[in-house]
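This report concerns only the one structure given below.
Hydrogens, waters and symmetry mates play no part in the numbers below; they use all other heavy atoms, side chains included.
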Amino acid sequence: MRFIRFFLPSQDFKGKIKSVPNTSARSGSLGLKLVSGVALLVLILMSSTFWLAYNFLRDETESFTFEVQANQSQLLGQRFAGLVETVAHTLKVLPSLDAQTLRVLENQDALLSLEVFETYRKGATKPRELYDWKGDKSHSVPTDGLLKELLDSGVAYETHQSEKNRSEVYLYTLLDPDSSQNRITFARSRLNPETILKKSGGTDARIVNREGKVLFDTRDASATGREIDLNDPLFQAARQSPVSIGTLEYRPTDGEARLGTYVLPGFNVMILNSIKFRDAMRGTYMLLERMLLVGLVLLGIALVVVVLFSLKITQPLKELTRATQVISQGDFNLTLNETATDEIGHLSRSMNRMSEKIKVLLQESIDKVRIEQELAIASNLQHRLIPPSELDQSRYTLLSHYQSAAECGGDWWGFIETDRHLMIMISDATGHGLPPAMLTAVTHGCFSAIRQMCIEEQSDLLTPALMLKMANQVILESGKGEINMTMFIALIDLEKQTLTYSNAGHHSPWIIRRAGDREKVRFETLRGMGSRLGEATQFEPSEDATLSWGNDDALFLYTDGLLENTGKDDLPFGKRRVMDLLSDQTSDWSVLHRNLVGDLGGFYGDLIPADDLTYVLFRGKVTGGGSVRA
């Protein structure tokens, strides 16, 4: 059995009982609320001011840091570019390495050594050294890659580890840049780091070439020759920048935010200047801490002032508050002082009158509320046990009407649907009111348990007679023989178009058969009575009976209140009146259902029925071939 659906009310139903507030619980005093409100207001103002100040100071600090970095980097770039231009110009105008030239070189504090080489553009000729002034003999001749860079840009850089294990920076300068000549002359000069870095102004900057190799570092002289992280955002921004200067707030691979500036002075180098964000913001953080301290002091002062003020204005309300607490505990004999002429006096007089009225109405209200709540819960629950009045499914239609004679009633109907079958149950407990309503809830729970048992055992529905026997045991144990119930169960095979039923003392339903014209509408009574549920342990319903139904036939089930209740003219509604309303073959069943409901409304008018009334109209839907429509 792939699917079983049983109409049940939502299980989250809860009785809506008006709760009585806990009058012994004390809420916060007016003074405390006033202090809390002022404190909250001050905190909001402080937080807003603090947030605005932080954002403003942060922006200003970043702008100032970027400006300082840019100025320092530009100065360092200008010094480096000027040095390279001076060295290149000096080397180009030197005629030879004679005594006069040596004196010129000695006066150049930017140079520590000088070597001049020549080579040829064509051929694999190794560069030949022409001049040497304080050159490092351990330093090899330049590589082909370095020569290519020199020929492309006219200047190149190289770092070298000297015999004393010191990192040195060499500047390669092309002395005859004329590309028409096959012969190439270039100079290699070792730069003096002290000349480059002196008067750097405490700048935390690095001079690197475009390949990412550090030439000079203002903070760490040992960094010369190292390669920086080629994925460093500041380095990448400098390499890709179309302008000569730029700033960037970034987070390098170590994960700590930094503020950086880059300057491109030319000569294939870049100046990278950066500082950790927290170091740049240190002064701002200190200022904000002082602001926070001042704000807390002001908050404390404001709270003291508010506390003193609240004590003064709330004192007259304390006596009235104590009185309300006594009244809230159920003592209405308290008499308040009414001599005051202000708002407190008016309130005291009103409370005195209120307590007198409450003493008179309290007992009546408690009894009335309790009864109303119990009936409201029971009525709400019972209505949740009843399926909707119109249920249009793909294989059948169920049309019903339920009307209770009081807040609670003893009528109930429900259905269980499986892949192949539809079982319809209708019952009527003796009497009306809360006791039979509780019995209908028990009945509903009984069929819910049977439905769950079928699901767990993966079996089909039981026969109607067997279902009635199981229900009798439940009704007998619940009603103790004091409340009985009639019930009719119909099991409909939606595929074979058959109906199997059993009756336990209920009014016999009808099969309404249509044959195409009004004269051939037939009402067939489903015979068989059986004993009522809950009367005795030895219970025997009517035996299961099976019959067929046609394409346009309908099953009509009802309780005795439908036929026997009297209306405005003190006459019963009657069986003939119901049959006449259901005999119109030209109308759809849903139209006949609405006509019957409307006729019942007119029949009773403003009267409340003497007994509960319920009816259910079932009609199966079939295709032209006779099979159940999916």
Applying side chain to side chain contact (heavy atoms under 4.5 Å, CB included), can you list everything that pairs with [X], at least two apart in sequence or on another chain?
X	value
Pro464	Ile489, Leu491, Thr500, Ser502, Asp544
Asp611	His432, Asp560, Asn565
Arg527	Thr525

Inset, instruction - Could you note down all residue pairs passing ring-ring contact (aromatic ring centres under 6.0 Å, His included) where residues 464-504 supplies at least one of them, sequence neighbours left out? - result: Phe488-Tyr501
Spacing of [X] atom [atom1] and [Y] atom [atom2] [to the nearest 0.5 Å]:
X	Y	atom1	atom2	answer
Gln403	Asp411	CD	CG	10.5 Å
Leu399	Phe618	CG	CZ	11.0 Å
Leu592	Leu617	CG	CG	8.0 Å
Trp589	Arg514	CH2	CZ	4.0 Å
Leu298	Leu45	CG	CG	11.5 Å
Leu422	Arg395	CG	CZ	8.0 Å

Using salt bridge (Lys or Arg N to Asp or Glu O under 4.0 Å) as the criterion, list what pairs up with [X], not counting sequence neighbours.
X	value
Asp588	none
Asp599	Arg577
Glu524	Arg513, Arg522
Arg251	none

Is there a side-chain contact between [X] and [Y] (heavy atoms, below 4.5 Å)?
X	Y	value
Met485	Trp412	no
Thr559	His506	yes
Leu288	Met291	yes
Leu555	Trp549	no
Val442	Cys446	no
Val591	Asp584	no
Ile424	Leu398	yes
Lys496	Arg420	yes

Legend entry - For Thr443, all residues meeting side-chain hydrogen bond (donor to acceptor under 3.5 Å, both in side chains), sequence neighbours excluded: none
Donor-acceptor list for residues 467-479 side chains, cut-off 3.5 Å, not counting sequence neighbours:
| from | atom 1 | to | atom 2 | distance (Å) |
| --- | --- | --- | --- | --- |
| Asn472 | OD1 | Gly534 | N | 2.8 |
| Asn472 | ND2 | Ala536 | O | 3.4 |
| Ser478 | OG | Val474 | O | 2.9 |

Inset, instruction - Name all residues meeting the ring pair (Phe, Tyr, Trp, His ring centres under 6.0 Å) criterion together with Phe523; count only those two or more places apart in sequence or in a different chain, and write none if there are none. - result: Trp510
Legend entry - Residues that Phe603 engages under ring pair (Phe, Tyr, Trp, His ring centres under 6.0 Å), provided they are two or more places apart: Phe573
Legend entry - Neighbour count >12 (heavy atoms, 6.0 Å) for atom CD1, Ile608: no
Say whether, by atom type as modelled, one donor and one acceptor occur between the side chain of [X] and the main chain of [Y] under 3.5 angstrom.
X	Y	answer
Asp392	Thr397	no
Ser508	Leu526	yes
Ser48	Ile44	yes
Asn503	Gly528	yes

Legend entry - Evaluation steps, side chain to side chain contact (heavy atoms under 4.5 Å, CB included), between His421 and Ile416: CA-CA 8 Å; His421 295 94; Ile416 302 175; over 6 Å; no
Which heavy atom of [X] sits nearest a heavy atom of [Y], and at what distance?
X	Y	value
Pro387	Ser400	O-OG, 4.5 Å
Pro436	Ala429	CB-CB, 3.8 Å
Asp612	Gly410	OD2-N, 2.6 Å
Phe415	Met425	N-CE, 4.0 Å
Ser531	Phe539	O-CE1, 3.0 Å

Inset, instruction - Show the numbers, then the answer: is there a side chain to side chain contact (heavy atoms under 4.5 Å, CB included) between His593 and Arg619? - result: CA-CA 12 Å; His593 161 63; Arg619 178 182 178 272; over 6 Å; no
Inset, instruction - Given side chain to side chain contact (heavy atoms under 4.5 Å, CB included), test Ile511 with Leu499 step by step and report yes or no. - result: CA-CA 10 Å; Ile511 291 290; Leu499 183 149; 4.1 Å; yes
